[in-house]
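As structure tokens, the structure follows; a few thoughts come after it.
Numbers restart at 1 for each chain; the letters A, B, ... are given by sequence-line order, proteins then strands. Scope of the values below: all heavy atoms of this structure, side chains included, with no hydrogens, waters or symmetry mates.
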Protein chains: 2
Amino acid sequence: MPNHKKISFAPSIRRLPSYLHIIRSAQARSEEYISGTVIANELNLEPIQVRKDLAITGIVGKPKKGYPVTELIASIEHYLGWDTNHRAIIVGAGNLGSALSGYQEFRNHGLNILAAFDTDPAKIGKTIHGVPIYSLDDLENESAALKPEIAIITVPSPFAQSTCDTIVASGIRAIWNFTNVKLRVPETVAVWREDLSSGYAGNIPCQSSLEK
Amino acid sequence: MPNHKKISFAPSIRRLPSYLHIIRSAQARSEEYISGTVIANELNLEPIQVRKDLAITGIVGKPKKGYPVTELIASIEHYLGWDTNHRAIIVGAGNLGSALSGYQEFRNHGLNILAAFDTDPAKIGKTIHGVPIYSLDDLENESAALKPEIAIITVPSPFAQSTCDTIVASGIRAIWNFTNVKLRVPETVAVWREDLSSGYAGNIPCQSSLEK
DNA sequence: TAGATTGTTAATCGATTAACAATC
DNA sequence: TAGATTGTTAATCGATTAACAATC
């Protein structure tokens, strides 16, 4: 993962993937340039916001024409770190863990899931969507071999912290946390949280008349 | 869903679920009051931010003691709309749809998944985690009977818009979109987007040394 | 009472939006 | 050239943080 020194720009970064989606469809239509205005219209945003957001990726546009599509895609993907592969494991092979194991989009973003871990003896040794399931007890051993950069936590909340500790002990420095627990980690470990249970309703609709 | 007229407060609202988690554990320890300072310390936030956030739920605290735990939980849950039940359907019974069907946390937040819809004949008529799977063609009919308020879209991206149109046609006004597509909907329909494929890496770590 | 904590009012900070010159 | 679009610089807006009086 690229580590954008000067943290922040978070809101801009969150918008980039949706731009990417539009730009890719322009590419599919073999268009050579796409303007910030076009992207903005598509997403009901202000053109100036799109231009400002794109600027952080380092892309340079052409007055009158817009941004070169191919270059722009590369620029955004690079900025998001989607152009490099990352080795990941899933810890917790329940419903959500299984779903994420088979989630094709991750691979498109360079996220390769190498293994899953669980405590359920009925699951250990099997595979889900081609991903082998190991015992959680073997996490440290397997990690030494697999060298994952990222661990995705999909265990039930009560086990989140202890699982996290195991992950940290195995040397992994990046965690994507799908539980509603705020994990305690050393300063050297980065945590993203994706709490589906609070995602809904906790959030304002991201589009709709309400949004102004 | 409660419709907070004056939109926004979005950042505050997003923090409320994590407060709730802490407050509930205080309740589990039979504590009568919890202070904003305690919550803030637990989450590495500023006390003033916690107080401001809690204030939007309408809770009133007691100087020196803090906020009454039971009342505070009720206040937050009410504000988030988690104290009322919502009827939901899942459209797309693939990996993710199945996972969400069995996701226990949703029920805790008042989200009841009544049915799933898919186009795969092999799935139609079966159940996932007790949720019956119907044909997507029957969505309009079944909706008339089930009267769902919310539709959760977990179909592959290329089918997202057409699925969305069917959902809107059936009269559903709230959509939780798990694809990376920006859906086109009438002004009367609210859409939340939860794009897992861009969630990671597109986001700054939500906790860690990087976060300051 | 003394002191911790709330809630209000003001100050700061950052992100969004506006204005506009530069450019192809 | 004329005009659409970029990118910069300034203005606005909203959220976070600070300061502090009120209170139990």
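- Regarding A:K52, its NZ atom lies at a distance of 15 Å from the P atom of D:dT12, rounded to whole Å.
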Worksheet, complete the sentence: The dot-bracket string of DNA chain D, counting Watson-Crick and G-U wobble pairs with both distances under 3.5 Å, using [ ] for crossing pairs and | for pairs to another strand, is ..||||||||||||||||||||||
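- Between the CD1 atom of A:I48 and the C1' atom of C:dA15 there is a distance of 12 Å, rounded to whole Å.
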Fill in: Verdict with reasoning, B:F106 to B:W82, per ring-ring contact (aromatic ring centres under 6.0 Å, His included)
CA-CA 10 Å; B:F106 285 164; B:W82 289 0; over 10 Å; no
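- Sorted by residue number, the members of residues 60-68 of chain A with any non-hydrogen atom under 4.0 Å from DNA chain C read A:P63, A:K64.
- Closest contact between the side chain of B:T37 and the listed nucleotides D:dT8, C:dT6, D:dA19 involves C:dT6.
- A:N44 has its CG atom 17 Å from the C1' atom of C:dT16, to the nearest Å.
- Ring orientation note: the planes of B:Y134 and B:F117 are tilted relative to one another, at an angle of 30° to 60°.
- The separation between B:E46 atom CD and D:dA19 atom P is 11 Å, rounded to whole Å.
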Discussion item. Between B:Y79 and B:I13, is the side-chain contact (heavy atoms from CB on, under 4.5 Å) condition met? List the steps.
Written reply: CA-CA 9 Å; B:Y79 187 76; B:I13 294 173; 3.8 Å; yes
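- Between the side chains of A:Q104 and A:N108, no donor-acceptor pair of N or O atoms lies under 3.5 Å.
- In terms of position on DNA chain C, the residue among B:S35 and A:R15 whose nearest nucleotide sits closer to the 5' end is B:S35.
- Summarising the geometry, the separation between CG on A:L54 and P on D:dG7 is reported as 9 Å, rounded to the nearest angstrom.
- The shortest heavy-atom contact between B:I153 and B:A160 is CD1-O, 4.4 Å.
- For the residue pair A:D53/A:Q49, the side-chain donor-acceptor check at 3.5 Å is not satisfied.
- The interatomic distance linking A:I59 (CD1) with D:dT5 (P) rounds to 17 Å, in whole Å.
- Under 3.5 Å, the side chains of A:N95 and B:Y103 contain no donor-acceptor pair of N or O atoms.
- With rounding to whole Å, B:E32 atom CD is found 15 Å from D:dC24 atom C1'.
- OP1 or OP2 of D:dA4 has not a single side-chain nitrogen or oxygen of A:R51 nearer than 4.0 Å.
- The minimum heavy-atom distance between A:N180 and B:E105, with the atom names listed, is ND2-OE1, 3.6 Å.
- Of all the heavy atoms in A:A99 and B:A99, the pair that sits closest is CB-CB, 3.8 Å.
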